[in-house]
Amino acid sequence: MANQNSSEAAQKTNKKQTVDTLIHARWIIPVVPEQRVYENCSLAIKDGAISAILPSDEARARFTANEIHELDNQLVIPGLINTHNHAAMSLLRGFADDQPLMTWLEKHIWPAEQKWVSPEFVSDGTRLSIAEMLRSGTTTFSDQYFFPEATAAAAREAGIRAQIAFPIIDFPNAWSRNGFDAIDKGLALRDDYRSHSRIGLAFAPHAPYTVGDDTLQKIAVYADELGMPVQMHLHETAGEVEKAVADTGLRPIERLHKLGLLSPQFLSVHMTALNDADIALISKTGAHVSHCPRSNLKLASGFTPVAKLLDADINVSIGTDGPASNNGIDMLMETNTAALLAKAVSGDASALPAHQALAMATINGARALGIDDVTGSLEIGKAADLCAIDLDALEQQPLHDPTSQLIYTANGHNVRNVWVAGKQLLKDRVLTTMNEAEVKQRAEIWRDRIAGLSK
């Protein structure tokens, strides 16, 4: 009897644990802890979360899984987090290029939006952007655009994680009559998604020059009471700051601080026109910055002093801005540009090294959106939001440092597989929850409509 009991105990001890998914990868960069690269290691996923990270030999001995992925020569990282986008504007990609910001907005984009923007436009444009984001490794995006309910529905259906930052503007537009009307509509949408695990809501006053003090004060009160994030275009150009000072006597960031908006819940987008006092104020209030380098370069808006911001212990994340002012929403390309630009602007080749750039595109983005307890790094208990990048191509050889290769050589076309909350949304470059042919067809229909070739 004693021998039989010992045998049964041994069998129980040797029994493998069952998980939903087991991923064996050549390299894993968890981002937290910092500057770590794990080789020949595995991720175990159960109930949408990471349950273990361990050497592959040990993982094979310890676990069995419903799905097993052998990712030879692939690098697994946290899913990329795009902290500022106007996803539906993919339908205006290439529509009005080579223009300065205000000319681009006032003469081209705003008139086109007035004519064409509708729930259908937003739905189709957002789906096009989500497909592009998933195929380039983005698992979370923050979006600011009209008809946010259409954006939220597209994100929900595709399976991607999203922060829907509903737009607040003090004059009539396609979605709202004024700022107060936008707030009411946005809060109603928040109620609709209150219990959703992947979709959250945020206030998005458009810019200091389109939203007045009364509306901004109301946002500040609601944001504090409800614990909701706030996102705003801010200090995007030197001209914006100069005009604000002439009109109000205050720099825009000073005005927002007086109105009670600056806090760890506030995400300032662009921030190219900054002085030392501006940087000190951001640091003091704990506000975050979304750096959109490619859009700022294309619109000649200016240069965000990223190295100075980081030196001041300010959390800097990365956003693409909309596809109409960037022409792409590939976060790997955006992060590459951020790393290169930081060196040129600071005059320091050691500024923003590869590992820090990757952190900006992942965990810093999660912190900026207030979801760093959920995603942004590969840690046990966090959501299994991750992407796998193929580093086996000719252009990636020889491979001395996976982190360097990721930031300075790779782009979205190297992304092979993507998971959000443990669900695979991209499998060997094929979207699993979206019909790529249909997404492209809808984009072509809108192209013809905007060009006047169809109704």
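Both backbone and side-chain heavy atoms feed into the values below; hydrogens, waters and symmetry mates do not. Just so you know, these numbers come straight off a predicted model, no measurement behind them.
- A side-chain N or O of H233 and one of H84 form a donor-acceptor pair less than 3.5 Å apart.
- In this pair, Y193 and H196 present their aromatic rings tilted. The plane angle is within the 30 to 60° band.
- In this structure a side-chain-to-backbone donor-acceptor pair under 3.5 Å is missing from T304 to V306.
- With P78 as the partner, the side chain to side chain contact (heavy atoms under 4.5 Å, CB included) test is satisfied by one option alone out of L386, I28, I363, V31: V31.
- At least one donor-acceptor pair closer than 3.5 Å links the side chain of E254 to the backbone N or O of R251.
- A side chain to side chain contact (heavy atoms under 4.5 Å, CB included) with I219 holds for exactly one of L261, D224, L259; it is L261.
- In this structure a side-chain-to-backbone donor-acceptor pair under 3.5 Å is missing from R127 to A154.
- Under the 3.5 Å distance criterion, with hydrogens and angles disregarded, no donor-acceptor pair is assigned to the side chains of N173 and E113.
- At most 12 heavy atoms of other shown residues, nucleotides or ligands fall within 6.0 angstrom of atom CD in Q114.
- In the model, D170 has a side-chain atom that pairs as donor or acceptor with a side-chain atom of T215 under 3.5 Å.
- A donor-acceptor contact shorter than 3.5 Å links the side chain of D20 to the backbone of D47.
- Neither side chain, T272 nor N296, offers a donor N or O lying under 3.5 Å from an acceptor on the other.
- In this structure, K218 is positioned above the aromatic face of F180, its NZ or CZ under 6.0 Å from the six-membered ring centre and within 45° of the axis.
- A ring-centre distance under 6.0 Å is found for F121 and W446.
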Item to check | Verdict with reasoning, S176 to K185, per side-chain hydrogen bond (donor to acceptor under 3.5 Å, both in side chains) | outcome: CA-CA 8 Å; S176 62; K185 287 184 172 183; over 6 Å; no

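- Annotation for D97 and A324: closest pair OD1-O, 4.3 Å, computed over non-hydrogen atoms.
- Judged by distance alone, the side chains of H24 and S42 do bring a donor and an acceptor atom under 3.5 Å apart.
- The only member of I81, N82, T320 that meets side chain to side chain contact (heavy atoms under 4.5 Å, CB included) when paired with F141 is N82.
- Donor-acceptor pairing under 3.5 Å is lacking for the side chains of H69 and N417.
- With 3.5 Å as the limit, one finds a donor-acceptor pair spanning the side chains of S142 and Q231.
- Side-chain polar atoms of K298 and N327 form a donor-acceptor pair below 3.5 angstrom.
- If you check the side chains of T375 and K382, you find no donor sitting under 3.5 Å from an acceptor.
- In terms of modelled atom types and a separation under 3.5 Å, the side chain of D330 and the main chain of G412 share a donor-acceptor contact.
- Checked by atom type and distance alone, the side chain of H235 pairs as donor or acceptor with a backbone atom of A273 at under 3.5 Å.
- Ring planes of F166 and W175: tilted class, angle from 30 to 60°.
- Just one residue in the list R198, R161, K423 forms a salt bridge (Lys or Arg N to Asp or Glu O under 4.0 Å) with D385, and that residue is R161.
- Taking each heavy atom of T140 and I160 in turn, the nearest pair found is N-CG1, 4.4 Å.
- Between the side chain of S283 and the backbone N or O of I279, no donor-acceptor pair lies under 3.5 Å.
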